[in-house]
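Report on the structure given below.
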Protein chains: 2
Amino acid sequence: MLKSFTIIAVAAVGIGVGTNYYLQRVPDMPKLDLNRWWGDGDKPNQEDETIRPFKIIFNDTIIDDLKMRLRNRRPYTRPLEGMQSEYGMNTIYLEKLLKYWQDEYRFKERADLLNRFPHYKTRVQGLDIHYIRVKPEAKGKRVLPMLLMHGWPSSSKEFDKIIPMLTTPRDEYDFIFEVIAVDLPGFGFSEGTNKPGLNPVQIGIIMRNLMKRLGFNKFYIQAGDWGSQAATHMCTVFPDEILGFHTNMPLSSRPISNVKYILGSLFSSLIVESKHRHRMYPLKDLLTYLVRESGYFHLQATKPDTIGAAIADTPAGMAAYIFEKIGICTNRKQLHTQHGGLGNIDLDDLLDTATILWANERITTSVRLYAEAFAWSEVFIVQDIPTKVPTAAINFLHEVVYQPDWILRDKFINLVHSTTLDFGGHFAAMQTPKELVDDIFMSTVEFLKFHARNK
Amino acid sequence: MLKSFTIIAVAAVGIGVGTNYYLQRVPDMPKLDLNRWWGDGDKPNQEDETIRPFKIIFNDTIIDDLKMRLRNRRPYTRPLEGMQSEYGMNTIYLEKLLKYWQDEYRFKERADLLNRFPHYKTRVQGLDIHYIRVKPEAKGKRVLPMLLMHGWPSSSKEFDKIIPMLTTPRDEYDFIFEVIAVDLPGFGFSEGTNKPGLNPVQIGIIMRNLMKRLGFNKFYIQAGDWGSQAATHMCTVFPDEILGFHTNMPLSSRPISNVKYILGSLFSSLIVESKHRHRMYPLKDLLTYLVRESGYFHLQATKPDTIGAAIADTPAGMAAYIFEKIGICTNRKQLHTQHGGLGNIDLDDLLDTATILWANERITTSVRLYAEAFAWSEVFIVQDIPTKVPTAAINFLHEVVYQPDWILRDKFINLVHSTTLDFGGHFAAMQTPKELVDDIFMSTVEFLKFHARNK
């Protein structure tokens, strides 16, 4: 018996070591064309590289048409008796929200509010890219360039609360930020491509080329959601150009991290502080939540053009579709409320996002990102390569997935700062802007220390 | 070494026998209220049991509003360069289809075509249920009552080609069918419930009570898709009332069947004829197909009210959403065509389905079925109980899942007839009506033989 135990034990250790070795392998960086053309047709000999000032305008034609469609909607099927948001968007709450959009939302005032920032457009790799660029009052402080990258279904609008905070000097810090808040291609006011293949790695390349265009050869990034995925790839492909990466959706997508996460459920007390354990385990709870909330993800990753066509001509329908998701991502425990989490976000902020998406007809181009992210092997290769870029992670309570630092370090070797809060959700810049900005300042101290140590 | 091998072998056999015993266990039938009330509020003392003639009318208000919405749609995002239906609904094809709906589809003529059958409505358990009832020219033949049950996103309309075929006597058979083609609750012209819990088991009870109302204590069923799921439950809950079950989506959802299906991939040559093997294995191909095509299913099973609200006011969007699915279910190999499989169905048939769904506002109530099917333990219990009802399976080439007879027999002990065709798809009654009806006649001979043997 002892002998067979020994054989099994040796075999188990052997398999474990072998698997670990296999998973720890780092693939070679794929060849990436840093000037790939995403515009229509073939790349021209000469590209327009001008930077053009831009102003957000919701004109009367767009507003009148939108209001007409909202007024003209059909009565909704009511929620099932006794149900709040358990079957998805609560149509009683939706009606209130749409009535506000139709009758009370001040389109021009909201556009003006966004226009207080300087907006620009410039063509990068064939696509017209929109961004906000705000120079701080330096007051003798060191100015650090920081790129802000949003996710779905957002745009640079998501950052309108934190831009002033990031560009206002603080006594306790000797640096301040110059902010570039960009719309990802196919989102907000940025053009989408008509060519397949614009995955998060390729988006990262466009973002880096945009920053070069603006004169920044090295810069910091703050990002969440898909912005964070693309930024993670930028840290991997351009490790010497990204000075520091602050993410509110920290994620190592390396296979070894997933294996650790799953095996960790067997001895969770060893791998995660007891006060944070509920964010990871029991695995069954996480999987139930992920299955329950990922239907939209599944659809967008496989049939983006279907859902795009389905809600292309209905602002009410588009709002229902995107708002249900925004709500639950702010607080996954609020499924049993009528607002389903939407009460955590200012109504005008929600409607800014919906109006921008609607006015620019960006539903199809934005959801295609989900399909592109899974269709090309370069994404899986790049995400399996660790990066040395100093990184800071902030973990809000209701973020989709929580990975403890020792898992994040599979990808982010130099995780120099980490914060875990017992509140907040996925749309941090809208939901908890002050806490996000405080953490960006604190993290940047660590980024600077890191560079001082590694000069 | 021999000793440890023996230990492992004995353990393996023990685990296998134990698992098999566990999986073969048949659960007890759950207690089911056969008169559960699905209408608004509480069950009244007296129920209206009248049977009312009904006529399909697409009135001018509905038609004009629908055409206005179709005319008023916004331009679609075009497919990515070089793509057909790989990213979902091809919007170039969609535009042609919508133009036909708007300009050429003859609403009243199509309604009249359906009205050539006698239509009725009657209230069952609080819900107004619509059905077509056609008595055959008996010509001295034995008349067998047959209930036809459709799936999503269909209605009794799906059967308009096969109803005349089933009610027309054939020389070679001494029986003929009286057909009852029903709209499932929440589909077509049948009312949906406002109460949670109307899962396929409960739908089966309503269908059985409808047939009792019509004077049929025993009857045959033909069904596909969700209709087949509900009918399978009827065979389980009312084994003495269903005389025979013909299904074009034969499925044993018993856990043991799933285990067999998966383990079968290890020795597929033993369990499925080589000419049919490609329908099951390699498992990777099936899983890839299922993941690729089940986004809508995932969304509907988790957030039905979201997708319902999303496409409630857009006929074009609703058409895009349902047609992409209908297309690929007719032929899963046509992803690389512009029509994505829709070319296999008559355009008017497609638009009948869309018009009925639109005019009756049945999107939300119909997609809720996906959520209800997974939310209640009684479904999982009932589906794990085998049925003795004589059953016939017809396997069209492009049906979603193919199970060979030895797996189907886990559920359908008396599988008396089985046909496997190398063409056809999921919407058999519209796509291959003649082959479907031929098989129903042939199968019924076997049902009758079965009853003769088991008198």
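Every chain is numbered from 1, with letters handed out A, B, ... down the list of sequences.
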Checking side-chain contact (heavy atoms from CB on, under 4.5 Å) between A:Thr306 and each of B:Tyr321, B:Phe323, B:Tyr87, which is the one that passes?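 The single option meeting the side-chain contact (heavy atoms from CB on, under 4.5 Å) with A:Thr306 is B:Tyr321.
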Sequence neighbours excluded - salt bridge (Lys or Arg N to Asp or Glu O under 4.0 Å) pairs with any residue from residues 296-311 of chain A: A:Lys303-B:Glu293, A:Lys303-B:Glu324, A:Asp305-A:Arg368
Does any N or O in the side chain of A:His298 come within less than 3.5 Å of the main-chain N or O of B:Arg292, such that one atom is a donor and the other an acceptor?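 The answer is no, because no donor-acceptor pair under 3.5 Å joins these two groups.
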Among B:Ala309, B:Gly192, B:Ala320, the residue with the most heavy-atom pairs under 4.5 Å to chain A is B:Ala309
Would you mind telling me which of B:Ala310, B:Ala301, B:Gly88 has the largest number of heavy-atom pairs within less than 4.5 Å of chain A? B:Ala310
Is the number of heavy atoms from other residues, nucleotides or ligands under 6.0 Å of B:Lys43 NZ greater than 12?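 Atom NZ in B:Lys43 is packed in, count exceeds 12.
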Please indicate whether A:Asp103 has more than 12 foreign heavy atoms, meaning atoms of other residues, nucleotides or ligands, lying under 6.0 Å from its CG. yes
Considering only heavy atoms, which portion of [X] lies under 4.5 Å from any heavy atom of chain B: side chain, backbone, both, or neither?
{"X": "A:Leu335", "value": "side chain"}
{"X": "A:Ala312", "value": "both"}
{"X": "A:Asn90", "value": "neither"}
{"X": "A:Thr91", "value": "side chain"}
{"X": "A:Glu372", "value": "side chain"}

Answer with side chain, backbone, both or neither: which region of B:Gln300 has an atom nearer than 4.5 Å to a non-hydrogen atom of chain A?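 Answer is neither: B:Gln300 stays 4.5 Å or more from chain A.
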Which atom of A:Arg74 lies closest to which atom of B:Asp313, heavy atoms considered: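 For A:Arg74 versus B:Asp313, the nearest heavy atoms are N-CB, 3.8 Å.
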Pull out the residues in residues 75-85 of chain A that come under 4.5 Å of chain B, heavy atom to heavy atom, sorted by number. A:Pro75, A:Tyr76, A:Thr77, A:Arg78, A:Pro79, A:Leu80, A:Glu81, A:Met83
Which residues, numbered in order, of residues 59-68 of chain A come under 4.5 angstrom of chain B by heavy-atom distance? A:Met68
Contacts of B:Thr288 that satisfy side-chain contact (heavy atoms from CB on, under 4.5 Å) - sequence neighbours left out: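 side-chain contact (heavy atoms from CB on, under 4.5 Å) list for B:Thr288, sorted by chain: B:Lys284.
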Can you find a heavy atom in the side chain of B:Ile307 that is under 4.5 Å from one in the side chain of A:Met89? no
Quick one: which of A:Val291, A:Asp40, A:Thr193, A:Asn72 has the most heavy-atom pairs under 4.5 Å with chain B, could you say? A:Asn72
Which one of A:Glu361, A:Glu86, A:Arg73 has the most heavy-atom pairs closer than 4.5 Å to chain B? A:Glu361
